[in-house]
There are 2 protein chains.
Amino acid sequence: MTETTTVPAAESVSEITAGSKSEQAYQAIKARIVEGTYTPGYRLVLAAIAKDLGFSVVPVREAIRRLEAEGLVKFERNVGATVAGIDPIEYLYTMQTLSIVEGAATALSAPLVGEADIARARAVNAEMRDCLEHFDPVRFTRLNQDFHSVLFEHCPNPHILDLVHRGWNRLASLRSSTFRFVPGRAHESVDEHENLLRLIESGADADTIEKAARLHRSATLDAYLSQTNAGSLSAQ
Amino acid sequence: MTETTTVPAAESVSEITAGSKSEQAYQAIKARIVEGTYTPGYRLVLAAIAKDLGFSVVPVREAIRRLEAEGLVKFERNVGATVAGIDPIEYLYTMQTLSIVEGAATALSAPLVGEADIARARAVNAEMRDCLEHFDPVRFTRLNQDFHSVLFEHCPNPHILDLVHRGWNRLASLRSSTFRFVPGRAHESVDEHENLLRLIESGADADTIEKAARLHRSATLDAYLSQTNAGSLSAQ
DNA sequence: AGGTACGAAATCGTATACGAAACATACTGA
DNA sequence: TCAGTATGTTTCGTATACGATTTCGTACCT
């Protein structure tokens, strides 16, 4: 008879969604930005979003502030928030920053990357190579992220790892991939991936790996820059 | 003649305080953490702080979320916020991250650092040398920040610069300076500063400067670690 | 007609209020 | 005596409401 008392019930079946409404709002808005529903420059009005999501404005407000901190939206006091644009100069800054933190993360991860990881990364890279034929920039970019994730996710320093994730996030918010603009870069990229894998396999020292990873990204940036001749602010 | 029309008057003289109350709350709480009024582990209760500052809980809440994003406070859902502790492992992560971003920022700044800057930095370093006699860790740490600020503030990439600032912020929240724990390190530090200045003066290449700046910080970290033998997770 | 000043609408910022979750404590039953 | 449950208190999470600020449209003056 007493057995029923121990079960405090499962929080009402339909409420397993996600933590707070702030969190839900954050996820929802972010998704719409990445997915393109909210295009750059789009004006994010608190009340409108709140009504749309069925929440009050308070959680929405908090979500937007979080997105601001991540650089996905631009916020102006007493005016409102807009989806951050694809300002080429911003793209440059983001890529440069990412080249540095990702390089470091990859180097720090390297000793912890096992054979299984290498194999997985190589498989992804093979898919990318296939992808070069009937070129699909979006798919290619997806695989690219998968590839690099394998290499840096073992980074033991959570702060650095977080910075890497933020960088990728920002890039994701730029609707079309870099490779759409610089398709030629894709070939080199795949080759550099293999090179990077060899370095890690052979237990190269951290500095070498870091430099390679950083250069891999700077090269993409440079390719983009020479395409759009947006000035020479190349990463070191 | 038309110029006069553009001036909408100075917003009422007494209201130059600071933008929003959220901002004020943010500054106030941060100050109390850095200054030590709120010691690590201290429980930040929204209502209490709000009453204390004379605001409502809403701006306070937002301020605390910002501080959480910067890592100054730890936040747990439905439980509350506490001032982030001096967890040695966290200190390690912060220092390692800072070594990387600060190194990069310094290297990127180097070409933009003029003679006047060098002179200023050298003056600060001289003060630090003086400071070595009757050693004052707090003052020394202040000067240390001044010195490095000169070297990285010209960094053209605002994202990286922001990351550097955040790192310094977190370190500042650790009440007593590193040099209190490792006073011997102070001497070497001053010498390394001079070395760094020479490199920049002579127009050394970015990679060399970056490495030197990064090593300068890693060395401080290592000194701390060997003092507390907190395991060997040394930066690269 | 051009530009300025005023006013209304829109939107944000903050206060207050209430419901929900977590923690501490006292009580009941074996 | 002790485990487990019930209750109370604290504190957070969110909704609603109102005041403050900006922006835009319109009428007026030169």
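Per chain, numbering begins at 1; letters A, B, ... match sequence-line order.
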A:Glu76 atom CD is separated from C:dC12 atom P, nearest whole Å, by 12 Å
note: A:Arg43, atom CZ; D:dT22, atom C1'; distance rounded to Å ~ 9 Å
Of D:dA15, D:dG13, C:dT14, the nucleotide closest to the side chain of A:Pro59 is D:dA15
- request: Describe the nucleic acid contact of B:Val58 in one word from base, sugar-phosphate, nothing, applying a heavy-atom distance below 4.0 Å.
  value: base
Notebook entry, point to check: Just checking, any donor-acceptor pair under 3.5 angstrom between side chains of A:His148 and A:Arg217?
Noted result: no
| request: Before accepting this row, confirm whether a basic side-chain N of the pair A:Arg142/A:Asp146 lies closer than 4.0 Å to the acidic partner's carboxylate O. | output: no
Between CD1 of A:Ile64 and P of C:dT11 the distance, given in whole Å, is 13 Å
Open item on the list: Under 4.0 Å from OP1 or OP2 of C:dT14: is there any side-chain N or O of B:Ser22 that close?
Closed with: yes
Rounded to whole Å, the CD-P distance (B:Gln24 to C:dA15) equals 10 Å
Ranking A:Val57 and A:Arg77 by the position along DNA chain D of their nearest nucleotide, the one closer to 5' is A:Val57
Check your understanding: So does A:Arg65 pair up with A:Glu68, basic N to acidic O under 4.0 Å?
Key -> yes
Rounded to whole Å, CD of A:Glu62 lies from P of D:dA15 at a distance of 12 Å
Run the salt-bridge test on A:Glu23 and A:Arg66 with the 4.0 Å N-O cut-off and return the result as yes or no.
-> yes
To the nearest angstrom, the NZ-C1' distance between B:Lys51 and C:dA15 comes to 17 Å
Checklist entry - Touch check for B:Leu44, heavy atoms < 4.0 angstrom, all strands: base, sugar-phosphate only, or nothing? => result sugar-phosphate
Ranking D:dA15, D:dT23, C:dG13 by distance to the side chain of A:Val79, first place goes to D:dT23
Rounded to whole Å, CZ of B:Phe75 lies from C1' of C:dA22 at a distance of 13 Å
When rounded to whole Å, the CD1 to P distance for the pair B:Ile49 and D:dT11 reads 11 Å
*Would you mind checking if B:Glu90 and B:Lys74 are paired as a salt bridge, meaning a charged N to carboxylate O distance below 4.0 Å?*
no
Assign each of A:Ser56 and B:Leu46 the nucleotide of DNA chain D bearing its closest heavy atom; nearer the 5' end lies the nucleotide of B:Leu46
